[in-house]
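First up is the structure itself, then whatever we jot down about it.
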Amino acid sequence: MAPPKLRQLDTIERYHATRVYLELDTCIAASARYTTADDAVLTKEILFPALRVVIERHAALGICYDRRPDSKGIAFRRLSTLDLSRIVEFSEKDLQTALGGQLSRGWTWDEEDMLPLWRVEVLPGNIVLLAMHHGVGDGLSTREFHYSLFRALQSASLPAYSTSVAVPELPLLPGIFHLTKARPSLKETLSMFWHTILPNPWNKHYSTWTGKPFPRTMSPVKPYVRLVSFTPTESDNFTKLCRSHDATITAALYELAVTTFTQLIKALPDAARYKAIHISVASAFRALLGGESEICNYVESMPCDVRLHAEFSWTTAGQASAEFRRQKAKGPAHLGIINWVAGDFTGFMKGEFGNKRRATMILSNLGRSDVPAVPEGKWSIDRIFFAQADSVVGPAMAMNVAGDGPKGGLNITFTWGEESVEMKFAEEFVSAFEKAVRRMSAE
């Protein structure tokens, strides 16, 4: 008997389903460390009952696709049971290696053997690494998963240990296109139109540095991962510095990324050609659309073209803060551009091969992690890292930021692909960026 059909995928969910099926993307991932004062070990006998509670809380953890993911009319179906022994693995890898491994793995679709669209890898030191299909969740969803797991671990009345979990009949939240009419502005529409028809010398995108071109043929995701952590003191100093200049942390990191890229681009042999970069900044709309503590995909990327400049400016960071707020107030309008190609996602994605990349970097900031207040229980949660791997036909690099709370540190995951940017350039960017943040935090 086929699992019950819940609802059809909306446009952005179909986009991600097709992208992963074509092996152009794999997943989003987030890790967290769970500790106790007595150094308890997170065994499957402790973890599996807690995961059962999480599954019974979130409908998105018990679903799969009803047909091949690149099909039109695809829908979500509810699975009847989950076998945790097939979803959770325990390994001895370090976090950076494990993240790279998860970001290299997508989801195979097998009508005879349907699995949910998430998986977990447990690493030494009680580090739980979640990988999730972007078609069912965004970055904040990965953090909500960890919050839910933390709350479950704190419970004094967990269910008995079992590898099998019956999936409850919970309603699945609507997709973002079901909740809002996403329409790009006339200016953005015309800009995209001229970008597609103007020859290179007259096309402003020609002078925008975006790393290597898209590969000419199908190329599997081969991500590189670098983790950077800043201490609670450094994080607190950097936050205070941003506030004193009326800038958000996201805008300050954005401005630092621009100046760091500029310094490296100016050293390239063809530096004279480049005048700008393009950074997409992720923006969540849970406060507007609901689902603030749910697993869902209510996010879009705001496109930001910015001229190269090598000197950091707090004035520019403040202006970026204001612009990000202005764009967010308009709602998820930029998502509407995807409707242009919704009739043939496969053709559009394969048609990107060999073309110039559209973006230099995507910047995602999950914000400060306000750990749920749970009075009872012995567990603590910290060291949250978030990552994504859209590097085949996505931006050249990704910077993903997560905070550990009001008194915690700041954790940044940098990712790029084998085919998206030269290794030396990416490594130099990460090193220079880290040094710049530490220097500012010490001022």
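- More than 12 heavy atoms of other residues, nucleotides or ligands lie within 6.0 Å of CZ in Arg67, so this atom counts as buried by the packing criterion.
- How far OG of Ser235 is from NZ of Lys240: 10.5 Å, rounded to the nearest 0.5 Å.
- The CG atom of Leu179 sits 8.0 Å away from atom CG of Leu173, with the distance rounded to the nearest 0.5 Å.
- Nearest heavy atoms, Thr208 versus Tyr274: C-CD2, 3.8 Å.
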Stepwise side-chain contact (heavy atoms from CB on, under 4.5 Å) check, Leu22 with Lys350: CA-CA 9 Å; Leu22 294 176; Lys350 290 184 175 180; 4.1 Å; yes
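- Of the options Phe433, Phe429, Tyr254, a ring pair (Phe, Tyr, Trp, His ring centres under 6.0 Å) to Phe261 is made by Phe429 and by none of the others.
- With respect to Lys212 and Glu418, no salt bridge is recorded, no charged nitrogen being found less than 4.0 Å from a carboxylate O.
- The distance from atom OG of Ser283 to atom CG of Leu363, rounded to the nearest 0.5 Å, is 11.0 Å.
- Smallest separation of non-hydrogen atoms from Ser280 and Ser301: CB-CB, 4.0 Å.
- The existence of a salt bridge linking Glu89 and Arg119 is excluded, since no basic side-chain nitrogen approaches an acidic carboxylate oxygen closer than 4.0 Å.
- Ion pairing between Glu121 and Arg105 fails under the 4.0 Å rule for side-chain N and carboxylate O.
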Arg358 vs Thr210, side-chain contact (heavy atoms from CB on, under 4.5 Å): CA-CA, chis, key distance, verdict: CA-CA 7 Å; Arg358 300 180 185 275; Thr210 57; over 6 Å; no
Test side-chain hydrogen bond (donor to acceptor under 3.5 Å, both in side chains) applied to Asn400 and Gln388, step by step: CA-CA 8 Å; Asn400 302 289; Gln388 52 190 322; 2.8 Å; yes
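- Closest approach of Phe324 to Cys304, counting heavy atoms only: CE2-SG, 3.8 Å.
- Residue Ile127 holds its CD1 atom at 11.0 Å from CG of Leu42, rounded to the nearest 0.5 Å.
- Between Lys222 and Glu419 there is no salt bridge, since none of the side-chain N atoms of the basic residue sits less than 4.0 Å from a carboxylate O of the acidic one.
- The two residues Cys27 and Leu103 make their nearest non-hydrogen contact at O-CD2, 3.8 Å.
- A salt bridge does not link Arg226 to Glu434: none of the charged nitrogens lies less than 4.0 Å from a carboxylate oxygen.
- The line from OH of Tyr21 to OG1 of Thr108 is 10.5 Å long, rounded to the nearest 0.5 Å.
- Ring orientation note: the planes of Trp107 and His133 are tilted relative to one another, at an angle of 30° to 60°.
- Under the 4.5 Å side-chain criterion, counting only non-hydrogen atoms from C-beta, Thr248 is in contact with Arg325.
- With 3.5 Å as the limit, one finds a donor-acceptor pair spanning the side chains of Ser141 and Arg286.
- If you check the side chains of Thr18 and Asp70, you find no donor sitting under 3.5 Å from an acceptor.
- When every heavy atom of Glu234 is checked against every heavy atom of Arg438, the shortest pair comes out as OE1-NH1, 2.8 Å.
- In this structure, Trp314 and Glu255 have side chains that are not in contact, with every pair of non-hydrogen atoms separated by 4.5 Å or more.
- Ion pairing between Glu300 and Lys328 fails under the 4.0 Å rule for side-chain N and carboxylate O.
- Taken from CZ in Arg368 to CG in Leu410, the straight-line distance is 12.5 Å, to the nearest 0.5 Å.
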Criterion side-chain contact (heavy atoms from CB on, under 4.5 Å) on Phe238 and Leu253, from CA distance to verdict: CA-CA 10 Å; Phe238 189 73; Leu253 296 177; 4.0 Å; yes
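- The six-membered or imidazole ring of Tyr15 lies near that of Phe345, with a centre-to-centre distance under 6.0 Å.
- A salt bridge does not link Glu427 with Lys424: every distance from a Lys NZ or Arg NE/NH1/NH2 to an Asp or Glu carboxylate oxygen is 4.0 Å or more.
- Annotation: Trp416 is not in aromatic contact with Phe425 [ring centroid separation under 6.0 Å not met].
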